[in-house]
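For reference, the structure is listed below as structure tokens.
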Amino acid sequence: MITNLVTGALVAVSGRPPVECAEPGRHLFHDLGLDSLGLMETVTALEKLVRCTIPDEITGQLATVGDLRDAVYRCASGAPRRIAQAEEYLGGHTSLHFERAARFRAASERLRASALDDSDILVDLGAGLTELDYVLRAEYGWRGRYVAMDVWVDGTFDLDTWRPARPVGWYAALEVLEHLADPEDLVRRMKESAAKGFVVTTPNSGVMDVLAQDPTHVTPLDEETLQSWGLTTSLHNFYGQYQDGICGLWRKD
């Protein structure tokens with residue numbers, strides 16, 4: 001299972017074909033084209049997916065796909081259930097990080113401009129590969145506490161029934177609302193619990209056929225709807241068409 005998990009993470013970050021990312025002898029830098037940030041992104045994603053920590057001294061010695069695979073095996077030997085969940089999640093990802101990065105940058109820019117600081121806690125609902133955390137830290141210099149909420153974390157997380165245990169500073173729900181039958185209900189729950197605010201992204205139904213985009217999409221949304229819920233919105237190019245994505249922000253004040 002770890003073999004497939006490592007291969008999936010490398011494909012997502014490097015953009016190389018799976019057959020190359022699965023070869024133990026492939027060099028992470030020379031063959032797969034990773035740089036130090038790419039390696040950090042890969043290791044961080046794997047650590048969060050299987051809830052383990054690869055020591056810095058081990059990370060600094062990683063050279064090949066086999067080295068990375070062995071490191072994950074050692075740190076995650078006691079987490080087979082989590083590995084299986086993470087592997088199943090990765091199997092559903094077909095796009096690459098650079099193709100998805102625009103939405104994380106849009107959300108990061110809105111959060112930082114709205115005073116997300118290093119003392120804040122950010123809870124990411126439907127966190128996926130935790131790419132928002134990576135972009136915030138690597139590109140925007142944030143050093144606060146990030147909490148990932150997704151089904152692969154514990155196997156039980158359900159956005160339709162989730163209720164926050166206590167207030168936190170910020171929430172993020174990127175590419176989430178369109179998957180819900182009643183997205184306004186999640187917006188209300190975030191408003192009730194957010195001490196400072198939240199950010200969302202969603203496909204723009206005014207530009208693209210949201211239901212045809214993904215079989216799990218059930219609720220197309222547009223700027224007017226998000227604005228009617230009290231969010232300030234901006235349009236972005238997320239999926240290859242002009243202004244096909246929306247980023248929305250809500251602040252407590």
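Note that the numbering runs from 1 along the sequence shown for the chain.
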**Item:** Selection residues 40-66 - residue pairs positive for ring pair (Phe, Tyr, Trp, His ring centres under 6.0 Å), sequence neighbours left out
**Value:** none

**Message:** Could you check whether any side-chain heavy atom of Val200 comes within less than 4.5 Å of a side-chain heavy atom of Val187, counting everything from C-beta outward?
**Reply:** no

**Message:** Under the criterion side-chain contact (heavy atoms from CB on, under 4.5 Å), I'd like the reasoning laid out for Val65 against Glu23: C-alpha separation, chi angles, the key distance, then a yes or no.
**Reply:** CA-CA 7 Å; Val65 172; Glu23 293 183 14; 6.0 Å; no

**Asked** How far does OG1 of Thr219 sit from CD of Glu184, to the nearest 0.5 angstrom?
**Response** 11.0 Å

**Item:** Pairs flagged by salt bridge (Lys or Arg N to Asp or Glu O under 4.0 Å) wherever residues 236-253 is involved - sequence neighbours left out
**Value:** Arg251-Asp253

**Message:** I need the minimum non-hydrogen distance between Ala172 and Leu122, along with the two atoms involved.
**Reply:** N-CD1, 4.0 Å

**Complete:** So OG1 of Thr53 and CD of Glu47: to nearest 0.5 Å the spacing works out to 5.0 Å

**Request:** Check step by step if side-chain contact (heavy atoms from CB on, under 4.5 Å) holds for Ser108 and Glu139.
**Result:** CA-CA 9 Å; Ser108 297; Glu139 300 185 23; over 6 Å; no

**Message:** With rounding to the nearest 0.5 angstrom, report the SG to CG distance, Cys247 to Leu111.
**Reply:** 7.5 Å

**Nearest-0.5 Å distance that lies between atom CG in Leu116 and atom NZ in Lys196** = 7.5 Å

**Request:** Report the C-alpha distance between Tyr140 and Glu109 in whole Å, list the side-chain angles of each, state the deciding distance to 0.1 Å, and finish with yes or no for side-chain contact (heavy atoms from CB on, under 4.5 Å).
**Result:** CA-CA 8 Å; Tyr140 293 86; Glu109 288 172 4; 3.1 Å; yes

**Prompt:** Quick one: does Asp124's side chain have a donor or acceptor within less than 3.5 Å of a partner on Thr130's backbone?
**Reply:** no

**Message:** Looking at Thr64, is its backbone amide N or carbonyl O close enough to the side chain of Asp67 to form a donor-acceptor pair, meaning the two atoms are under 3.5 Å apart?
**Reply:** yes

**Message:** Can you confirm whether Arg145 is buried at CZ, in the sense that more than 12 heavy atoms of other residues, nucleotides or ligands lie under 6.0 Å from that atom?
**Reply:** no

**Asked** Considering only heavy atoms from C-beta outward, does the side chain of Ile121 approach that of Arg166 to under 4.5 Å?
**Response** yes

**Message:** As an exercise, state the distance from CG of Asn204 to CG of Asn237, rounded to the nearest 0.5 Å.
**Reply:** 10.5 Å

**Message:** Is there a side-chain contact between Thr42 and Leu28 in this structure, where contact means two heavy atoms from C-beta onward sitting under 4.5 Å apart?
**Reply:** no

**Prompt:** Who passes ring pair (Phe, Tyr, Trp, His ring centres under 6.0 Å) against Trp142, sequence neighbours left out?
**Reply:** none

**Request:** Quick one: pull up OG1 in Thr216 and CG in Leu211 and give me the separation to the nearest 0.5 Å.
**Result:** 10.5 Å

**Item:** Heavy-atom pair with the smallest gap, counting every atom of Asp150 and Ala127
**Value:** OD2-N, 3.2 Å

**Message:** Main chain of Gly248, side chain of Thr233: is a donor-acceptor contact present, judged purely on distance under 3.5 Å?
**Reply:** no

**Asked** Heavy-atom distance under 4.5 Å between the side chains of Leu32 and His27, does that happen here?
**Response** no

**Prompt:** Do Val218 and Trp162 share a hydrophobic cluster, counting only Ile, Leu, Val, Met, Phe, Trp and Tyr and linking them when any side-chain heavy atoms are less than 4.5 Å apart?
**Reply:** no

**Asked** Can you list every ring pair (Phe, Tyr, Trp, His ring centres under 6.0 Å) pair that touches residues 175-210, not counting sequence neighbours?
**Response** His179-His217, Phe198-Trp250

**Request:** Work out which heavy atom in Glu175 is nearest to a heavy atom in Pro203; give both atom names and the distance.
**Result:** OE1-CD, 4.0 Å

**Prompt:** Where the side chain of Arg143 meets the backbone of Arg137, is there a donor-acceptor pair that is under 3.5 Å apart?
**Reply:** yes

**Asked** Are the side chains of Val207 and Leu235 in touch, meaning some heavy atoms are under 4.5 Å apart?
**Response** no

**Fill in**
The complete set of ring pair (Phe, Tyr, Trp, His ring centres under 6.0 Å) pairs with one or both residues in residues 49-69, sequence neighbours excluded, reads none

**Request:** Measure the shortest side-chain to side-chain distance between His236 and Arg103 over non-hydrogen atoms and say whether it is less than 4.5 angstrom.
**Result:** no

**Asked** Should Phe238 and Thr201 count as side-chain neighbours, where that means a heavy-atom distance under 4.5 Å?
**Response** yes

**Request:** Provide the closest heavy-atom pair for Leu34 versus Ser14 in the form atom of the first, atom of the second, distance.
**Result:** CD2-CB, 3.9 Å

**Prompt:** Taking all non-hydrogen atoms of both residues, which atom of Ala138 and which atom of Met40 are closest, and how far apart?
**Reply:** CB-CE, 4.4 Å

**Item:** Non-hydrogen atoms of Val210 and Pro220 that approach each other most closely
**Value:** CB-CB, 4.0 Å

**Message:** Quick one, Leu186 and Leu125 - any side-chain contact, counting heavy atoms below 4.5 Å?
**Reply:** yes

**Request:** Apply side-chain contact (heavy atoms from CB on, under 4.5 Å) to Tyr171 and Val147, showing your working.
**Result:** CA-CA 9 Å; Tyr171 289 101; Val147 180; over 6 Å; no

**Request:** Keeping to residues at least two apart or across chains, list the salt bridge (Lys or Arg N to Asp or Glu O under 4.0 Å) pairs with something in residues 215-224.
**Result:** none

**Item:** Sidechain-backbone polar pair: Ser193 side chain, Arg189 backbone, donor-acceptor under 3.5 Å
**Value:** no

**Request:** Indicate whether the side chain of Thr44 and that of Tyr134 have a donor and an acceptor atom separated by less than 3.5 Å.
**Result:** no

